[in-house]
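Letters go in sequence order (proteins before strands), and every chain restarts at 1.
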Amino acid sequence: LFTLNILINCCCHLRKINCGLGLFGEVMKRGFEADLVTISTLVKGLCAEGKVVDAVQLFDKMSERGFRGDVFLYGFLINGLCKIREMGFALELHRKMTERNCEANVHTYSMIIDALCKDGLIDDAVVLFLEMIGKGICPDVVVYSSLINGLCSLGRLRKAVRYFDEMVGRGIKADLVTFNSLIHGFCQEGLWKDATRIFNRMVKGGISPDVITYTILIDCLCKEGKVGEASKVLELMIKKGKE
RNA sequence: GUUAUGAGGUACAAG
């Protein structure tokens, strides 16, 4: 069975999930029982090729036979469903997971919260966020950044800043992605001065801007017609790159 | 011994 699992994994890496499924069928016929790793590997492979629906079906079929998944397997499925924006199914699976005594973790919540934010369903995301805290699961920088990013893309900057402060208040350090999201949010509203202020705060906090940070600022400044400012940022970037 | 140095967050452009 270990051999089978390794072979299936090879198929997945080669993006040949059908070969993996073939092996799986062959071995099942010979009376072997697939285990958690077999199913997880197949599910992951299917999701990687965008065949999320097949992955869910496989999982359901195995579940009928008494198979029990773990948080990781549920995580793979939820990840797949979130990527294709099947949030109804993702939420349902998340609920089922809990019912089956498989506790959700920060990753499963994170994937769902992020996907809801991307769909502009911030309020639903916040419900999940509160539910998570209620269960004693601590949101991390990724969860907060997802919310902040979601709020920023809707232009709800006040709220975004509130979550930022709440996060810092909890002792969670904002990272590069968090700052990039905030800077981008302010830029989108044309508030490039505030964006620059946040940029400076980030640098003071010891976080080095990356190419994305500079792209956000330069893009925004150019679109605002502040080409002079933009070239200053560009120069700064080049100078920093040489340090 | 296997999925597993494992699953989650940010820009522009392209499509």
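Here A:Thr213 lies out of heavy-atom contact (under 4.0 Å) with every strand. A:Val43 comes within contact range of no nucleotide atom at all, as no heavy-atom separation falls under 4.0 Å. Across all strands shown, A:Asp140 has heavy atoms under 4.0 Å from base atoms, whether or not it also approaches the sugar-phosphate. Residue contacts for A:Ser40: at a heavy-atom cut-off of 4.0 Å it reaches a base atom on one of the strands shown. Contacts of A:Val211 with the nucleic acid, taken as non-hydrogen atoms under 4.0 Å apart, are absent. Contacts of A:His184 with the nucleic acid, taken as non-hydrogen atoms under 4.0 Å apart, involve only primed sugar atoms and P, OP1 or OP2.
Spacing between B:U3 and B:A7 at atom P, rounded to whole Å, works out to 12 Å. Comparing the P positions of B:A4 and B:G8 gives an interatomic distance of 12 Å, to the nearest angstrom.
Here the C1' atom of nucleotide B:A11 and the CE atom of A:Met202 are 12 Å apart, to the nearest Å. Atom-to-atom, CG of A:Asp175 to P of B:G8 comes out at 15 Å; the value is rounded to the nearest Å. As a whole-Å value, the separation of A:Ile112 CD1 from B:G9 C1' is 15 Å. In this structure, the CZ atom of A:Phe76 is 6 Å from the C1' atom of B:A7, given to the nearest Å. Remark: C1' of B:U3 and CG of A:Leu58 are 14 Å apart, rounded to the nearest angstrom. Rounded to an integer number of Å, the gap from A:Leu176 CG to B:G8 P is 17 Å. At whole-Å resolution of the value, CD1 in A:Ile84 and P in B:A7 are 20 Å apart. Taking atom CZ of residue A:Phe59 and atom P of nucleotide B:U3, one finds them 20 Å apart after rounding to whole Å.
At a threshold of 4.0 Å, the pair A:Glu99-A:Arg95 counts as salt-bridged, since one of the basic side-chain nitrogens sits closer than that to a carboxylate oxygen. A salt bridge links A:Glu229 with A:Lys232: the closest approach of a Lys/Arg side-chain nitrogen to an acidic carboxylate oxygen falls below 4.0 angstrom. A salt bridge links A:Arg197 with A:Asp194: the closest approach of a Lys/Arg side-chain nitrogen to an acidic carboxylate oxygen falls below 4.0 angstrom.
We find the CG-CG distance between A:Leu46 and A:Leu58 to be 6.5 Å, quoted to the nearest 0.5 Å. Going from atom CG of A:Leu191 over to atom CD1 of A:Ile198 covers 9.0 Å, rounded to the nearest 0.5 Å.
Looking at the side chain of A:Lys44, the nearest of the listed nucleotides B:C12, B:A4, B:G9 is B:A4. Minimum atom distance to the side chain of A:Ile6 is reached by B:U2, of the listed B:U2, B:U10, B:G8. Looking at the side chain of A:Val37, the nearest of the listed nucleotides B:U2, B:C12, B:U10 is B:U2. Ranking B:U3, B:U10, B:A7 by closeness to the A:Thr41 side chain, first place goes to B:U3. The listed nucleotides are B:U2, B:U10, B:C12; the one nearest the side chain of A:Ser181 is B:U10. Of the candidate nucleotides B:U10, B:A7, B:U2, B:U2 has the atom lying nearest to any side-chain atom of A:Asn5.
Using a 30° and 60° split on the angle between ring planes, A:Phe129 and A:Tyr163 fall in the perpendicular class, above 60°.
Scanning atom types as modelled, one donor and one acceptor separated by under 3.5 angstrom connect the side chain of A:Ser110 and the base of B:G8. At a cut-off of 3.5 angstrom, the base of B:U3 holds no donor-acceptor pair with the side chain of A:Asn9. Side-chain to base pairing of A:Thr108 with B:G8: no donor and acceptor N or O lie closer than 3.5 Å to each other.
Close to B:U10, at under 4.0 Å from its OP1 or OP2, lies a side-chain N or O of A:Lys118. Phosphate proximity of B:C12 to A:Lys223: absent, as no side-chain N or O sits under 4.0 Å from OP1 or OP2.
For A:Ser146 and A:Asn149, the side-chain atoms include no donor-acceptor pair closer than 3.5 Å.
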